[in-house]
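This report refers to the structure that appears directly beneath it.
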Amino acid sequence: MSSKSQYVCGGDIYNIAKALASTTGWNTYFGGCYVGGNPSSNNFSTVPAGFYNSNYRFFCKSIGFWSVPQHSSDDAYSRHLYYDFANVFRSHNNKAGGLSVRCLKD
């Protein structure tokens, strides 16, 4: 896996969450590479919109995005950022959950 050094934190190629997070809106958390650790050094525009899992439990202080490809007929892949972690998590959620969608202009 290759990464551009300006998008990683602490020299670990998996620590890219700060590169995706907004400089405002995130809870403070003490840890240099965590999204909430010195958020003024975050680089992008993702805000902590939270997400609902399929049991309608709301997770705040985070954001979940639907991703592709589909995991199964009932589940879809997702990516998650949390204020107290440095990396972006890959998971799969039941489609009954509520996650954000990021639209890109073609």
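In this chain, residues are counted from 1 in sequence order.
Judged purely by atom type and a 3.5 angstrom limit, Thr46 uses its side chain to pair as donor or acceptor with the backbone of Leu20. Of the possible polar contacts, one joining the Asn42 side chain to the Ser22 backbone as a donor-acceptor pair under 3.5 Å is found. Under a 3.5 Å cut-off, the side chain of Asp84 and the backbone N or O of Tyr34 do not form any donor-acceptor pair. Not a single donor-acceptor pair under 3.5 Å links the side chain of Lys18 to the backbone N or O of Gly36.
Heavy atoms of other residues, nucleotides or ligands lying less than 6.0 angstrom from CZ of Phe58 number more than 12.
Nearest approach of Val101 to Trp66, heavy atoms of both residues: CG2-CD1, 3.9 Å. Of all non-hydrogen atoms in Asn93 and Ser78, the two that sit nearest each other are OD1-OG, 2.6 Å. The shortest heavy-atom contact between Cys9 and Gly32 is SG-O, 4.0 Å. Taking each heavy atom of Asp75 and Gln70 in turn, the nearest pair found is O-CG, 3.5 Å. Looking at every heavy atom in both residues, Leu99 comes nearest to Phe51 through CG-CB, 4.0 Å. When all heavy atoms are compared, the tightest approach of Ala17 to Val88 is CA-CG2, 4.0 Å.
Using a 4.5 Å cut-off on side-chain heavy atoms (C-beta onward), Ser67 and Arg79 make contact.
For the pair Arg90 and Tyr77, the distance from NZ or CZ to the six-membered ring centre is under 6.0 Å and the angle to the ring normal is within 45 degrees.
Side-chain heavy atoms closer than 4.5 Å link hydrophobic residues (I, L, V, M, F, W, Y) into clusters, and following such links, even through other members, never connects Val47 to Phe59. Residues Trp26 and Phe65 are members of one and the same hydrophobic cluster, defined by side-chain heavy-atom contacts under 4.5 angstrom among Ile, Leu, Val, Met, Phe, Trp and Tyr. Note on Tyr14: it does not cluster hydrophobically with Tyr82, by side-chain heavy-atom contacts below 4.5 Å among ILVMFWY residues.
One finds the NZ atom of Lys61 at 11.0 Å from the OG1 atom of Thr28 (value rounded to the nearest 0.5 Å). With rounding to the nearest 0.5 Å, the separation of NE2 in His80 from OG in Ser100 is 10.0 Å.
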Query raised in the report: Does the pair Asn38 and Ser40 meet the rule for a side-chain hydrogen bond (donor to acceptor under 3.5 Å, both in side chains), with working shown?
Result: CA-CA 5 Å; Asn38 186 21; Ser40 65; 2.7 Å; yes

